[in-house]
Amino acid sequence: GDNSSWWEHLWMSMPQLQNLGLSGVGWAGVDIGGFFDDSNGELLARFTEFGVFQPFCRNHSAKGTINQEPWSFGEPYESVCREMIKLRMRLLPYLYTIFEECHRTGAPIMRPLLFEYPEDETTYTADDEFLFGDAMLVAPITRPGIEHRHVYLPEGTWFHYWTGERFDGPAHVLAQAPLGQPPLYVKANKAIPMGPDASHTSEGTADPLTFLLYPAESSGESALYEDVGNGFGYEEGEYARRSVACEVLSGGIAVRIREREGSFVPQRRSVHLELRGVNTRPETALVNGEEADWSYEEAGGNITVRLAETADEVSVEVRVTGPDLDPSS
């Protein structure tokens with residue numbers, strides 16, 4: 001509805017939208033920056049940090065209020081808004097995948113922690129943070145002048161998106177959150193499909209698709225769904241769905257991009273597999289048993305394996321002697 005440019009309404013947006021998702025209304029979002037009254041730079045920036053993770057993402061205000069476009073308040077707020085919107089654009093393949101899941105199963109896009117962790121009673125009152133799909137956890141800042149907050153992480157291993165720091169849940173953590181870096185965590189072994197930098201969806205830039213992965217002991221599986229983006233051809237099988245499985249073994253990391261299901265053929269040529277937080281330089285990386293085109297960055301322990309787009313199953317093996325997959329150590 002028509003919210004106001006108040007910090008209280010920024011906070012209130014979270015339980016409202018999580019309740020809507022549980023009630024079957026997945027396509028929802030509040031006006032970023034607030035509709036009534038006047039916003040300011042810090043409020044707009046923090047509203048945008050939250051708003052880009054709403055299913056419906058729109059900056060909107062009433063007649064008679066001051067301008068609140070992303071550039072209205074100058075720096076540093078303009079750059080914060082720009083970078084957060086760019087992140088949402090890169091996350092569109094992931095967002096499209098969880099939209100399809102919502103359409104097919106009813107699972108919310110923006111979901112409360114209790115939806116995925118119903119046996120954890122601590123999640124029952126965690127209404128000021130939420131899951132974006134099942135692989136990302138967002139805990140926005142909702143008070144002025146604050147650069148830290150408490151975050152509850154449910155079971156499993158989580159990685160801080162901005163720093164790569166590892167946390168093993170369930171855990172209560174004090175998250176540092178300077179302007180432009182809202183607390184954002186990625187579940188280990190869950191591949192996040194991300195597109196290239198783009199200013200708008202009609203640019204037609206398809207390369208590369210990046211699967212972002214934070215490997216840790218154990219295993220995980222995730223999905224990518226694609227179609228033409230318009231019309232009803234998906235009802236006749238014109239879609240592409242594939243799963244991505246990641247398992248950390250004693251000798252390294254194994255990733256399998258399963259065979260593509262459906263008749264839709266994505267218009268791209270390259271796929272990147274980006275593994276973060278591997279603090280031991282790999283011996284080698286193999287794709288279907290042969291030496292891969294890969295690189296390693298010591299800062300952050302990032303491995304990038306470059307692949308060609310294919311409908312076939314792809315097996316990637318990164319061999320690490322005594323792998324150290326904990327970037328905090």
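Keep in mind that this is a model prediction, so the values were computed, not measured.
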Do [X] and [Y] have side chains that approach each other closer than 4.5 Å (heavy atoms only, starting at C-beta)?
{"X": "Asn189", "Y": "Glu247", "value": "no"}
{"X": "Pro193", "Y": "Thr210", "value": "no"}
{"X": "Leu10", "Y": "Glu8", "value": "no"}
{"X": "Thr157", "Y": "Ser218", "value": "no"}
{"X": "Val278", "Y": "Val320", "value": "yes"}
{"X": "Leu153", "Y": "Leu137", "value": "yes"}
{"X": "Arg242", "Y": "Ile257", "value": "yes"}
{"X": "Leu95", "Y": "Arg88", "value": "yes"}

Exercise. Would the number of heavy atoms belonging to other residues, nucleotides or ligands and lying under 6.0 Å from CZ of Arg269 be above 12?
Worked result: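 Open.
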
Exercise. Taking everything shown except Glu155 itself, do over 12 heavy atoms lie less than 6.0 Å from its CD?
Worked result: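 No.
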
Problem set entry | Worked verdict on Asp120 versus Tyr152 for side-chain hydrogen bond (donor to acceptor under 3.5 Å, both in side chains) | CA-CA 11 Å; Asp120 183 350; Tyr152 178 70; 2.5 Å; yes

N/O donor-acceptor pair under 3.5 Å between [X] side chain and [Y] backbone:
{"X": "Glu42", "Y": "Gly145", "value": "yes"}
{"X": "Thr105", "Y": "Cys102", "value": "no"}
{"X": "Glu129", "Y": "Asp127", "value": "no"}
{"X": "His148", "Y": "Ala177", "value": "no"}

salt_bridge([X], [Y]) N-O dist < 4.0 Å:
{"X": "Glu100", "Y": "Arg241", "value": "yes"}
{"X": "Arg90", "Y": "Glu83", "value": "no"}
{"X": "Glu101", "Y": "Arg104", "value": "no"}
{"X": "Arg268", "Y": "Glu226", "value": "yes"}

Linking I/L/V/M/F/W/Y whenever any side-chain heavy atoms sit under 4.5 Å apart, do [X] and [Y] land together?
{"X": "Tyr225", "Y": "Val314", "result": "no"}
{"X": "Val186", "Y": "Val173", "result": "no"}
{"X": "Phe167", "Y": "Trp162", "result": "no"}
{"X": "Leu114", "Y": "Ile109", "result": "no"}
{"X": "Ile192", "Y": "Tyr214", "result": "yes"}

For this session: Please report the C-alpha distance between Glu75 and Ser79 in whole Å, then the side-chain angles of each, then the deciding distance to 0.1 Å, and finally whether the side-chain hydrogen bond (donor to acceptor under 3.5 Å, both in side chains) criterion is met.
Result: CA-CA 6 Å; Glu75 296 295 353; Ser79 290; 2.8 Å; yes

Exercise. Can you check side-chain contact (heavy atoms from CB on, under 4.5 Å) on Leu212 and Tyr161, steps first, answer last?
Worked result: CA-CA 10 Å; Leu212 175 64; Tyr161 178 80; 3.9 Å; yes

To the closest 0.5 Å, what do you measure between [atom1] ([X]) and [atom2] ([Y])?
{"X": "Tyr185", "Y": "Glu165", "atom1": "OH", "atom2": "CD", "answer": "7.5 Å"}
{"X": "Leu184", "Y": "Trp158", "atom1": "CG", "atom2": "CH2", "answer": "10.5 Å"}
{"X": "Thr97", "Y": "Leu92", "atom1": "OG1", "atom2": "CG", "answer": "10.5 Å"}
{"X": "Arg256", "Y": "Ser315", "atom1": "CZ", "atom2": "OG", "answer": "4.0 Å"}
{"X": "Glu121", "Y": "Glu119", "atom1": "CD", "atom2": "CD", "answer": "10.0 Å"}
{"X": "Gln18", "Y": "Leu131", "atom1": "CD", "atom2": "CG", "answer": "8.0 Å"}

Holding to side chain to side chain contact (heavy atoms under 4.5 Å, CB included), I want the full list of residues that pass it with [X], two or more places apart in sequence or in another chain.
{"X": "Asp134", "answer": "Tyr94, Arg111, Glu116, Lys190"}
{"X": "Ala191", "answer": "Phe211, Leu213, Ser222, Val244"}
{"X": "Trp71", "answer": "Glu69, Glu78"}
{"X": "Leu286", "answer": "Thr284, Glu291, Glu317, Arg319"}

Exercise. Are side-chain N/O atoms of Asn40 and Tyr77 paired as donor and acceptor at under 3.5 Å?
Worked result: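 Side-chain D/A pair, Asn40 to Tyr77: absent.
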
Problem set entry | Of all pairs that satisfy salt bridge (Lys or Arg N to Asp or Glu O under 4.0 Å), the ones with a partner from residues 292-305, not counting sequence neighbours |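 Output for this query lists Asp293-Arg306.
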
For this session: Any chance you could lay out the side-chain contact (heavy atoms from CB on, under 4.5 Å) test for Leu307 and Val316, step after step, and finish with the verdict?
Result: CA-CA 9 Å; Leu307 312 167; Val316 179; 4.2 Å; yes

For this session: Show your reasoning for whether side-chain contact (heavy atoms from CB on, under 4.5 Å) applies to Leu273 and Val255.
Result: CA-CA 9 Å; Leu273 176 62; Val255 178; 4.0 Å; yes

For this session: Carefully, step by step, assess Asp207 and Ser270 under the rule side-chain hydrogen bond (donor to acceptor under 3.5 Å, both in side chains).
Result: CA-CA 6 Å; Asp207 288 290; Ser270 62; 3.2 Å; yes

Problem set entry | Working for side-chain hydrogen bond (donor to acceptor under 3.5 Å, both in side chains), residues Tyr296 and Arg281 | CA-CA 7 Å; Tyr296 179 72; Arg281 182 178 182 83; over 6 Å; no

Problem set entry | salt bridge (Lys or Arg N to Asp or Glu O under 4.0 Å) between Lys187 and Glu221, worked out | CA-CA 11 Å; Lys187 190 77 176 284; Glu221 190 159 339; over 6 Å; no

For this session: Tell me whether the guanidinium CZ or amine NZ of Arg260 lies under 6.0 angstrom from the six-membered ring centre of Tyr239 and within 45° of its axis.
Result: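 No, Arg260 does not lie over the aromatic ring of Tyr239.
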
Exercise. Which word best sums up how the rings of Phe50 and Phe130 line up, parallel for under 30°, tilted for 30 to 60°, or perpendicular for over 60°?
Worked result: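 It falls in the perpendicular class, over 60°.
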
For this session: Measure up the His150 and His172 rings against each other and bin them: parallel (under 30°), tilted (30 to 60°), perpendicular (over 60°).
Result: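 If you compare the ring of His150 with that of His172, the planes turn out parallel.
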
Exercise. What are the two closest heavy atoms between Pro178 and Arg46, and how far apart are they?
Worked result: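 Closest heavy-atom pair between Pro178 and Arg46: O-NH1, 3.7 Å.
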
Exercise. Which pair of heavy atoms, one from Leu17 and one from Gln54, lies closest together, and at what distance?
Worked result: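 Looks like CD1-OE1, 3.3 Å.
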
Exercise. Could you go step by step and tell me if Tyr96 and Leu91 meet the side-chain contact (heavy atoms from CB on, under 4.5 Å) rule?
Worked result: CA-CA 9 Å; Tyr96 203 78; Leu91 285 171; over 6 Å; no

Would you mind writing out the side-chain donor-acceptor pairs for residues 21-37 within the sub-3.5 Å range, not counting sequence neighbours?
| from | atom 1 | to | atom 2 | distance (Å) |
| --- | --- | --- | --- | --- |
| Ser23 | OG | Asn19 | O | 2.8 |
| Asp31 | OD1 | Arg58 | NH2 | 3.1 |
| Asp37 | OD2 | Trp6 | NE1 | 2.9 |

